[in-house]
Every structure is written in C-alpha cells, then in structure tokens.
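This report refers to the structure that appears directly beneath it.
This is a predicted model, so every value here is computed, not measured. When a residue number appears, it is its place in the shown sequence, counting from 1.
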Amino acid sequence: MADTTGNTQDTGAAGGSGLHPRKSSWRHIGPGIVVAATGVGAGDLVATLIAGSNFGYTLLWAAIIGCLVKISLAEACGRWHLSTGRTLFDGWASLGSWTTWFFAVYAVIWGFVYGAAAMSSSALPLHALFPDVMDLEWWGIASGLVGLVFVWFNKYAVFEKVMTVLVGVMFVVTVYLAVRVTPNLGDAFAGLLPVLPDEKDSVLNTLGLIGGVGGTITLAAYGYWVNAKGWTNTGWMKIMRLDNRVAYATTGLFVIAMLFVGAELLHSANIAIASGDKGLVQLGDILEDEYGTATGKLFLIGFFATSFTSLIGVWHGVSLMFADFLARRRGEREARGDELASGRRERSWAFRAYLLWLTFPPMILLFQGQPFRLIIIYGVLGAAFMPFLALTLMWLLNSARTPREWRNGWLSNGMLAVAGLLFLVLCVKQIWDQPWSEFF
C-alpha cells in the first residue's frame with residue numbers, strides 16, 4: 001500500500017532512541033491485532049449480520065470502506081506517537097484545556113457504562129454454553145473479575161499473546177461459518193459496487209455501518225500499544241503501518257464473513273434477529289438447528305472470544321490512556337513513549353485505579369439495569385468521540401507539533417476529513433435521536 005501521509009521521506013530513527021528494524025517484518029506484528037480485536041466487538045458483528053439479513057450483499061462495499069477508514073485513523077494515531085515521542089493525550093492537551101475536560105468526563109461516564117456492557121456481552125455466550133452453572137449476572141461478574149486479574153498481573157507482552165490467540169479463535173470460527181453457509185460469490189462481487197438499499201434512511205443506515213466497524217476509543221489507544229510494544233521512534237514507522245494494515249485486513253475478513261452469514265442464512269430465509277448482543281445468541285440457536293449442535297457451540301465460543309477481547313482490550317488500553325491523562329495533569333512531560341515501553345505505566349496506581357473503576361462500580365448495573373439519563377449521556381459522549389479523534393488528529397498532524405517529514409499528505413488528510421465528516425453526521429444523528437423530552 002502507498003504511504004498514507006503522501007510523503008516518501010524516511011528519516012530512520014529521528015526523534016527517538018533505541019533499536020529499530022531495518023525493514024518491515026511480519027514477526028513484529030501485534031499492536032494492530034490488539035486494536036482491531038478490541039474495536040470489533042459483538043455489537044459490530046451483529047450490526048453487520050443484520051445488514052446482511054436485511055440487504056443481502058448490497059452493503060458489502062460499505063463494510064470494506066469502514067475498515068479503510070479505521071486504517072487511516074489508527075495509522076494517524078501511531079504516526080503521532082512515533083514521530084513526536086509524545087502520547088496522543090499530550091497532543092490533545094496542547095490544543096487547549098477543553099480537550100482535557102472532554103476526556104475526563106468521557107472516561108468516567110463511558111467507563112462506568114461500558115464496563116457493564118462488556119461484562120454482559122461476555123456473559124451471554126457463557127450462559128448459553130453453560131446455562132445451569134449460574135445466572136447471567138454472575139457470569140458477567142466472573143468475566144469482569146477474570147479480565148481485571150489478567151490485566152492487573154500481566155504486562156503488554158503477555159496481553160498481546162493472549163489477544164492474538166483469541167483473534168485466532170475468532171478468525172477460525174467466522175471463516176468456517178462463512179464457508180459453511182456456501183456464499184453466492186457472484187452476488188458477493190456485485191456487492192462491491194457502491195449501491196444504496198432502496199429504503200427510507202438508506203444513506204444514514206449505510207453511514208452507520210461504515211462508522212460502526214471497530215470504531216471506538218480503542219482506536220486512540222493504538223499509539224499507546226505501539227509504544228508499549230517497544231516502538232518509540234520513526235525507525236518503527238514501516239512496521240507500524242504493516243501491522244495496522246494487516247490487522248484491519250483481518251477485521252475486514254471478520255466483517256465480510258458475518259455479512260455472508262447474514263445474507264445466506266438469514267436474508268434468504270427471511271429470518272429476523274434482535275439487535276444487540278442477544279441477536280448473536282439467537283444466531284447460535286439458528287446455526288444449531290440448521291447445521292447441528294457442534295456448529296452452534298463453535299459459534300458461541302467465537303462469540304465469547306469476540307466479546308472477551310473487547311473487554312480485556314478496553315481494560316488494558318483505556319487504562320493506559322487514563323494513566324497518561326493523570327500523569328499529564330501532574331505535569332509529567334518527558335520520555336512519554338519510553339515511559340510506556342518500560343511498562344511502568346501498567347504498574348502505576350492510576351492504571352490500576354481505572355481498572356477498578358471499569359470492573360466494580362459497573363457491576364451494580366448488571367443487577368439494577370442502566371439508568372436512563374446516564375445512558376443518554378453515554379450515547380452522546382460516545383458519538384462525539386470519533387469526530388473528536390478524527391478532527392484533532394488532522395489538527396495535530398498538519399501543525400508544527402509534528403516534524404515536517406511526518407505531517408499529513410493529501411491522502412491522509414483526505415481520509416481523515418472523510419472520517420471526521422462521517423462521524424460528525426453520525427454524531428448529529430445520535431444526538432437527534434435521543435429521547436430528550438423524557439430526559440428533562
């Protein structure tokens with residue numbers, strides 16, 4: 001692939017110290033797999049599944065564009081970290097105090113609600129696999145506690161290996177299902193043409209599919225994982241780009257496989273499933289009826305791998321970001337990438353405090369349900385984060401804050417502008433659709 005900055009100059013290890021490879025190597029790949037697996041949760045898979053169920057292969061092109069948009073965003077995050085030696089939050093802070101306030105409110109509210117959602121999503125397939133062991137809520141608590149203990153006691157290297165194994169499980173299951181339903185390749189290739197479904201709000205629904213494939217705060221965590229891997233200077237830039245592209249190509253395969261399943265298994269039989277994670281439990285029952293118990297159980301294992309990678313990915317990545325946020329507030333400004341590479345951030349009290357925040361307070365919501373007003377605020381903040389990320393990256397990577405040779409080129413600017421506009425439209429729609437009359 002072409003350099004997404006639009007620049008051809010490679011200054012080696014300028015702007016950093018330490019060892020760096022002479023050329024790209026597949027054996028270095030890791031952070032991209034982590035960010036892709038974390039970003040693609042059960043909700044993304046069921047959204048793609050429903051798109052296939054409703055429209056067949058018509059929106060295959062939109063799912064692929066969604067992956068390309070995420071490649072540009074993750075590449076920009078990684079390039080900022082490697083070219084400047086500064087973290088993304090350090091860059092945000094340089095744009096003004098408003099970014100600090102936005103992130104602080106976002107991290108507290110988003111973490112509280114997401115913690116419950118992640119535990120519940122991981123619990124659903126476990127409860128379906130072992131229905132007589134314990135109630136759904138206790139499976140959720142067990143998932144959260146396992147994630148907490150795992151991230152608390154392991155550094156990035158072990159975390160990456162476990163994530164890679166879980167991605168392998170996801171890959172095997174989704175590709176097996178795509179082959180099992182016998183896709184119509186002629187219709188699939190036709191789905192690469194940018195055609196909109198003939199229905200009301202088709203444009204917004206299509207934009208929602210493009211924006212929803214792996215689009216979360218974990219995209220911003222990519223640069224943190226790049227540094228945690230030990231990549232701290234521009235000598236790792238080519239490796240980072242290869243890593244990022246391979247990861248989102250894998251994401252694309254997950255998404256395409258689920259769209260195939262939706263198109264062939266559900267669309268052709270005119271079967272509707274529920275939105276949200278429970279739709280995947282329904283799919284497990286349908287697969288069991290159609291192809292046997294083994295296939296149904298295998299799918300539930302893949303469902304759990306998808307959900308649990310998102311859980312431990314957020315537990316680790318967003319905790320790293322929060323630790324960096326508090327370090328910046330305390331006035332620490334030096335050796336940002338090196339600090340992450342050393343592993344000291346993963347042992348800091350701030351990292352572990354946010355881990356606890358993600359795990360224990362959200363358990364209340366597993367039993368009491370989600371507070372109405374808090375869910376509206378969570379939805380608005382979540383919708384606002386992605387345009388915030390895209391537009392601030394454009395600002396940072398076109399300014400003197402970034403060394404000239406690593407600033408955006410025309411291609412990167414174009415992709416980030418498209419991403420910013422896309423997510424801004426989706427943000428406005430999300431805010432518009434909230435039941436504000438019931439909020440006040």
Side-chain angles (χ1 to χ4, degrees), residues 1-2 4 36 39-73 174-175 177-215 245 248-276 279-280 283 286 383 386-387 390 410-411 413-430 432-433:
M1 277 190 177
T4 57
V40 179
D44 298 298
L45 293 188
V46 78
T48 310
L49 187 69
I50 290 175
S53 172
N54 292 339
F55 312 119
Y57 295 101
T58 304
L59 292 180
L60 179 59
W61 64 272
I64 292 172
I65 287 178
C67 291
L68 294 176
V69 167
K70 305 313 181 304
I71 286 175
S72 67
L73 285 167
T174 53
V175 171
L177 291 177
V179 173
R180 194 76 172 84
V181 300
T182 317
N184 186 320
L185 296 181
D187 289 348
F189 280 116
L192 296 175
L193 296 175
V195 175
L196 292 175
D198 185 17
E199 66 156 26
K200 183 183 178 182
D201 294 332
S202 61
V203 173
L204 288 175
N205 289 335
T206 302
L207 291 178
L209 179 61
I210 294 172
V213 180
R245 292 161 187 166
Y248 277 97
T250 305
T251 299
L253 288 176
F254 294 153
V255 170
I256 291 170
M258 292 308 290
L259 193 137
F260 281 7
V261 173
E264 292 295 339
L265 185 63
L266 305 179
H267 181 70
S268 59
N270 197 27
I271 299 173
I273 63 171
S275 60
L280 293 181
L283 178 62
I286 294 168
M386 292 304 288
W410 63 270
L411 180 58
N413 272 328
M415 291 296 289
L416 289 178
V418 168
L421 181 61
L422 164 68
F423 289 116
L424 192 59
V425 170
L426 293 175
C427 177
V428 171
K429 181 179 184 298
Q430 177 81 354
W432 181 266
D433 289 343

Residue pair L73, F423: steps toward the side-chain contact (heavy atoms from CB on, under 4.5 Å) verdict: CA-CA 12 Å; L73 285 167; F423 289 116; 3.8 Å; yes
Within-4.5 Å side-chain heavy-atom neighbours: L59 and P197: yes
Results of side-chain contact (heavy atoms from CB on, under 4.5 Å) for L177 - residues two or more places apart only: V173, V261, L287, T295, F299
Side chains of T174 and V255 in contact at under 4.5 Å (non-hydrogen atoms): no
Gap separating the CG atom of L49 from the CG atom of L280, nearest 0.5 angstrom: 6.5 Å
side-chain contact (heavy atoms from CB on, under 4.5 Å) between V425 and L207, intermediate numbers included: CA-CA 8 Å; V425 170; L207 291 178; 4.0 Å; yes
L185: side-chain contact (heavy atoms from CB on, under 4.5 Å) partners, not counting sequence neighbours: P183, F189
Separation between CD1 of I256 and SG of C67, rounded to the nearest 0.5 Å: 7.0 Å
Step-by-step side-chain contact (heavy atoms from CB on, under 4.5 Å) determination, V418 to I65: CA-CA 11 Å; V418 168; I65 287 178; over 6 Å; no
Which atom of C427 lies closest to which atom of P387, heavy atoms considered: CB-CG, 4.1 Å
Where T58 and V195 come nearest, the two heavy atoms and their spacing: CG2-O, 3.6 Å
Pairing residues for I286 by the side-chain contact (heavy atoms from CB on, under 4.5 Å) criterion, not counting sequence neighbours: L265, L266, I271, I273
Results of side-chain contact (heavy atoms from CB on, under 4.5 Å) for D187 - residues two or more places apart only: Y57, N184
Closest approach of V69 to A419 (non-hydrogen atoms, all atoms of both residues): CG1-CB, 3.6 Å
Heavy-atom pair of closest approach, residues R245 and I71: CG-CG2, 4.2 Å
Residue pair T251 / A36: nearest heavy atoms and the distance that separates them: OG1-CB, 3.1 Å
Within-4.5 Å side-chain heavy-atom neighbours: N54 and H267: no
side-chain contact (heavy atoms from CB on, under 4.5 Å) assessment of M258 paired with L283: CA-CA 11 Å; M258 292 308 290; L283 178 62; 4.0 Å; yes
T182 side chain reached by E264 side chain, heavy atoms, under 4.5 Å: no
4.5 Å side-chain heavy-atom contact, W61 and T206: yes
